[in-house]
Amino acid sequence: MAGIYIHIPFCRKACHYCNFHFSTGLGQMERMLGCLERELVLRQEEMQGHGIQSIYLGGGTPSLLSSEMLESLLRCIHMHYHIEGNAECTLEANPDDLSAAKLKELAEAGVNRLSIGIQSLDDSALAWMNRSHNAAQALQCLKDASEAGFDNVSVDMIYGLPQLGLDAWREQLKRVAEMGVQHLSAYCLTVEDKTVLGTRVRKGLEADIDEEAAAEQFEYLVNDLIALGFEQYEVSNFARAQRYSLHNSSYWQEKRYIGIGPSSHSYSTGMRSWNIANNARYMASIERDELPCEREVLSRKDSYNECLMTGLRTKWGIDLKEIHRRFDLDFEQLHREKIRLLQDAGLAVLRGHRFRLTAAGFFRADGIASDFFILDP
Ligand code: SF4
């Protein structure tokens, strides 16, 4: 299984908490599109012999692409890569871009999964985040998406916001679930340095995240979503009827993928690379037919630790046979006592050759994984 990620590095306005790579200079979109297509052509050999099962247009705001731009991009991918018949094709979107007409065009272009950045259903919180939409637009676009025939819709929500009360959070989750979405990703607000929020917190104009309130919101998130028919298949990701994100699952399962566009990352067994996170320099380089990327061969220690960190955050956990094959290491024998303690505490399960965390263990997934890390080079 292999995937293609395309980064669309443009947004209408900058959300105050966001540290992704994007520009609000929409005038460069046409030129950028030409460069993305050029990079797809330049790198096609990397995927020779690999069927593509997922295409993911992320950003930034891919829903800013006109239908013509999107069609051109997808046509280019289909021309130069082998796309499997049942491939997932996800587009990240903001609610204010998703008119009924636009949704119809997206479906016609071949998008079969939407990931919609709703974040909150509270207008004052949306304004505080500097989002480009309001709650009514968010609910309307979910309704329109369903009417347009999309049966694989994911929404992003944010908790840990200063103005978010527990009851309001639970009510928002319920309303979103009632709209019939199949997938929900929920992230805790983080204060990143080079953002408006980071500056405000540093200057004392905003309070830092209330960790205790955020932890309580996460706990209710998990319990409420499970009660509403979702399965927590990754710490921050929930799906109904096994509508897992194929694309994200392939990241967590260390499948091969290429990332196209500025700031995109790529991975193939033991090797990681990433493109420059600067639109002007990215385009200038691609226009000279030079790939603007850096590469890193992962050490045994880094590969192993990464495998644990990502695997233990998912319901599939880690495959001890696979660990043995890849790292020549007997995990069970090495960590017998730690595994026993985690099982006794109800935080983990070892069944056959699969070791995974329970729902209770997910609350401490990162800490538990790091307890098993290799520390020496
Ligand atoms: S729309 Fe998304 S990528 Fe753009 S600034 Fe907001 S959070 Fe960041």
Side-chain angles (χ1 to χ4, degrees), residues 5-29 32-33 36 56-66 69-70 73 90-99 102 106 111 113-138 140-142 145 153-164 172 176 183-201 206 209 236-237 245 247-248 251 259-265 274-279 282:
Y5 172 83
I6 313 240
H7 191 78
I8 309 296
F10 297 102
C11 292
R12 199 164 272 128
K13 54 199 272 205
C15 302
H16 286 168
Y17 57 89
C18 178
N19 75 339
F20 292 152
H21 171 69
F22 67 91
S23 152
T24 49
L26 305 190
Q28 290 290 317
M29 279 179 70
M32 178 61 75
L33 180 74
L36 297 174
Y56 194 102
L57 294 129
T61 312
S63 51
L64 285 176
L65 292 173
S66 67
M69 286 171 160
L70 179 66
L73 199 52
T90 304
L91 179 118
E92 284 183 355
N94 276 348
D96 48 321
D97 291 326
L98 294 182
S99 63
K102 175 88 175 197
L106 293 176
V111 173
R113 183 172 184 273
L114 293 170
S115 172
I116 307 178
I118 283 180
Q119 319 305 1
S120 171
L121 289 179
D122 174 349
D123 281 342
S124 63
L126 289 167
W128 180 84
M129 289 187 271
N130 204 34
R131 297 286 303 173
S132 57
H133 58 91
N134 58 32
Q137 284 171 304
Q140 185 62 44
C141 83
L142 291 179
V153 174
S154 177
V155 297
D156 280 0
M157 298 290 286
I158 294 184
Y159 60 94
L161 295 165
Q163 54 284 84
L164 182 62
Q172 289 181 26
V176 168
H183 190 280
L184 192 147
S185 303
Y187 301 102
C188 186
L189 182 71
T190 49
V191 179
E192 305 287 349
D193 254 0
K194 289 179 190 149
T195 60
V196 172
L197 179 61
T199 307
R200 285 190 180 163
V201 169
E206 296 280 359
I209 311 292
S236 308
N237 287 275
S245 160
H247 194 79
N248 289 345
Y251 288 163
I260 303 289
S263 83
S264 291
H265 285 234
W274 55 94
N275 281 350
I276 190 168
N278 178 301
N279 285 5
Y282 166 82

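As the structure lists them, so they are numbered: ligands from 1, and atoms in each ligand from 1. All values reported here derive from a predicted model rather than from experimental measurement.
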Using a 4.0 Å cutoff against the non-hydrogen atoms of [X], which atoms of ligand 1 qualify?
X    : answer
T61  : 1 (S), 4 (Fe)
R131 : 1 (S), 6 (Fe), 7 (S)
F22  : 5 (S)
N94  : 1 (S)
C11  : 1 (S), 3 (S), 4 (Fe), 5 (S)

Worksheet item: Should we say atom OH of Y251 is surrounded by more than 12 heavy atoms from elsewhere, each under 6.0 Å from it?
Response: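 Atom OH in Y251 is crowded, with more than 12 foreign heavy atoms closer than 6.0 Å.
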Practice prompt. Return yes when M129 approaches ligand 1 closer than 4.0 angstrom through a heavy atom, no otherwise.
Written response: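 Not so, M129 does not reach ligand 1.
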Worksheet entry | Heavy-atom gap G117 to ligand 1 smaller than 4.0 Å |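 The answer is no, since G117 has no heavy atom less than 4.0 Å from ligand 1.
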Practice prompt. Would you confirm whether H16, through its side chain, and R200, through its main-chain N or O, come within 3.5 Å as a donor-acceptor pair?
Written response: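 It does not hold such a pair.
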Practice prompt. Please answer whether the main-chain N or O of N134 pairs with a side-chain N or O of D123 as donor and acceptor at a distance below 3.5 Å.
Written response: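 Not a single qualifying donor-acceptor pair exists.
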Fill in: N279 vs H21, side chain to side chain donor-acceptor pair (under 3.5 Å): CA-CA, chis, key distance, verdict
CA-CA 9 Å; N279 285 5; H21 171 69; 2.7 Å; yes
Worksheet item: How far is atom 3 (S) of ligand 1 from its nearest protein heavy atom, and which residue and atom name does that atom have?
Response: G60 N, 3.3 Å
Practice prompt. Return the option from P9, S63, C18 holding the heavy atom at the smallest distance from atom 8 (Fe) of ligand 1.
Written response: C18
Discussion item. If the cut-off is 2.8 Å, does any N/O/S atom of C15 fall short of it from atom 8 (Fe) of ligand 1?
Written reply: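 False for C15.
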Worksheet entry | Within reach of ligand 1, part of R12 (heavy-atom separation under 4.0 Å) |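 It is neither; nothing of R12 touches ligand 1.
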Worksheet item: Run the side chain to side chain donor-acceptor pair (under 3.5 Å) check on Q119 and Y187 step by step: do they pass?
Response: CA-CA 9 Å; Q119 319 305 1; Y187 301 102; over 6 Å; no
